[in-house]
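Contents: one structure, followed by commentary.
Quick note: numbers below take in every heavy atom, side chains included, and nothing from hydrogens, waters or symmetry partners.
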Amino acid sequence: MHYPEPISKLMESFMKLPGIGPKTAARLAFFVLGMKEDTVLDFAKALVDAKRNLSFCSVCGHITDVDPCQICQDTSRDRSMICVVQDPKDVIAMEKMRDYTGLYHVLQGAISPMDGIGPEDINVPSLLTRLQDEQVKELILATNPTIEGEATAMYISRLVRPSGIRTTRIAHGLPVGGDLEYADEVTLSKALEGRRELS
């Protein structure tokens, strides 16, 4: 179907977002047309402001509107632990838990030779610089349990081993409330590896 050019351009813009196909883009475009002009302008301003006013923390790589970010500035946090994650979304997920009180390091990706992403393409050099701080006693590798995430964790653990800093990997396995019969082999294997004694 042929749409007027402004609608087509709006649909094309929506389709640049992950998971948005032509039908969803059309639905969103027509929804926007039905919005009040003030609301559309506020929406557009929020997009532009987010793009212009957010950057990556010069210390940990987390997304922020101040540099260093609020987590790095927080003097009450445990500076002996750094949790390494792939994306800023992972920091937000960890913070929701409220159990972890250390610092973070965001890699901005994972090693993926198939996609041409090597160690030099992610935020590893600044991590090594941070590990020179004698306050750091433990590095927690919390990369995703994917082939790329595992490769990245292994690579970092090998780099860090000579420093003597304790390096741990978050446990992977069955989710709370999950059934064994529905778990795949890799998940079961990781659950078995991460077993611990009952006290």
Side-chain angles (χ1 to χ4, degrees), residues 18 50 54-112 119 122-199:
L54 292 174
S55 60
F56 295 112
C57 175
S58 59
V59 178
C60 72
H62 185 39
I63 200 155
T64 183
D65 58 345
V66 292
D67 191 28
C69 72
Q70 291 176 343
I71 294 172
C72 288
Q73 287 183 41
D74 186 348
T75 55
S76 69
R77 296 195 78 107
D78 183 348
R79 301 194 169 268
S80 70
M81 292 188 295
I82 296 178
C83 180
V84 178
V85 297
Q86 286 179 216
D87 299 300
K89 292 178 288 191
D90 301 331
V91 172
I92 293 161
M94 291 284 288
E95 284 297 288
K96 281 182 187 173
M97 184 179 59
R98 297 180 188 211
D99 283 342
Y100 179 71
T101 58
L103 299 175
Y104 294 96
H105 191 83
V106 183
L107 295 172
Q108 307 295 345
I111 296 169
S112 177
I122 59 175
N123 201 11
V124 173
S126 61
L127 173 63
L128 298 178
T129 302
R130 290 180 75 190
L131 295 180
Q132 292 172 6
D133 183 341
E134 291 179 8
Q135 281 186 291
V136 180
K137 304 295 180 207
E138 182 178 2
L139 189 68
I140 302 165
L141 299 172
T143 53
N144 296 333
T146 59
I147 292 168
E148 295 81 10
E150 292 292 334
T152 304
M154 289 301 296
Y155 175 79
I156 292 171
S157 70
R158 285 194 190 116
L159 279 180
V160 175
R161 189 172 295 136
S163 72
I165 294 171
R166 181 177 183 229
T167 306
T168 58
R169 180 86 170 108
I170 59 166
H172 299 296
L174 294 171
V176 174
D179 290 322
L180 277 177
E181 64 179 304
Y182 300 119
D184 62 85
E185 293 85 6
V186 176
T187 301
L188 281 173
S189 171
K190 289 292 180 188
L192 203 56
E193 281 177 30
R195 70 190 185 279
R196 57 189 171 83
E197 273 188 48
L198 292 173
S199 48

- Message: I'd like to know if the side chain of Thr101 pairs up with that of Asp78 as donor and acceptor (distance under 3.5 Å, no hydrogens or angles considered).
- Response: no
- Note on the structure: Smallest heavy-atom separation, Ile122 atom then Ala110 atom, equals CG2-N, 3.8 Å
- Message: For the backbone of Leu141 and the side chain of Arg169, can you confirm whether one donor and one acceptor N or O come within less than 3.5 Å of each other?
- Response: yes
- Item | Contact summary for Val106 and Asp87, nearest pair of heavy atoms | CG1-C, 3.6 Å
- Query: Any idea which heavy atoms bring Gln73 and Pro68 closest together, and the distance?
  - Reply: NE2-O, 2.5 Å
- Pairwise distance OG1(Thr146) to CD(Gln86) - rounded to 0.5 angstrom: 5.5 Å
- Task: Count the heavy atoms of every other residue, nucleotide or ligand shown that sit under 6.0 Å from CZ of Arg166, and state whether that count exceeds 12.
- Result: no
- Task: For Glu95 and Tyr104, test the side chains for any donor-to-acceptor distance below 3.5 angstrom and give the result as yes or no.
- Result: yes
- Message: Quick one about Ser80 and Glu138 (side-chain donor to acceptor, distance below 3.5 Å, no hydrogens or angles considered), yes or no?
- Response: no
- Query: Does any N or O in the side chain of Asn123 come within less than 3.5 Å of the main-chain N or O of Gln108, such that one atom is a donor and the other an acceptor?
  - Reply: no
- Message: Is it the case that atom CD1 in Ile92 sees more than 12 heavy atoms from other parts of the structure closer than 6.0 Å?
- Response: yes
- Message: The test is side-chain hydrogen bond (donor to acceptor under 3.5 Å, both in side chains); show your working for Ser76 and Asp74 and say whether it passes.
- Response: CA-CA 5 Å; Ser76 69; Asp74 186 348; 2.6 Å; yes
- Query: When rounded to the nearest 0.5 angstrom, what is the spacing between CG in Leu127 and CG in Leu159?
  - Reply: 8.5 Å
- Task: Indicate the atoms forming the closest heavy-atom contact of Ala153 with Thr143, along with that distance.
- Result: CB-OG1, 3.6 Å
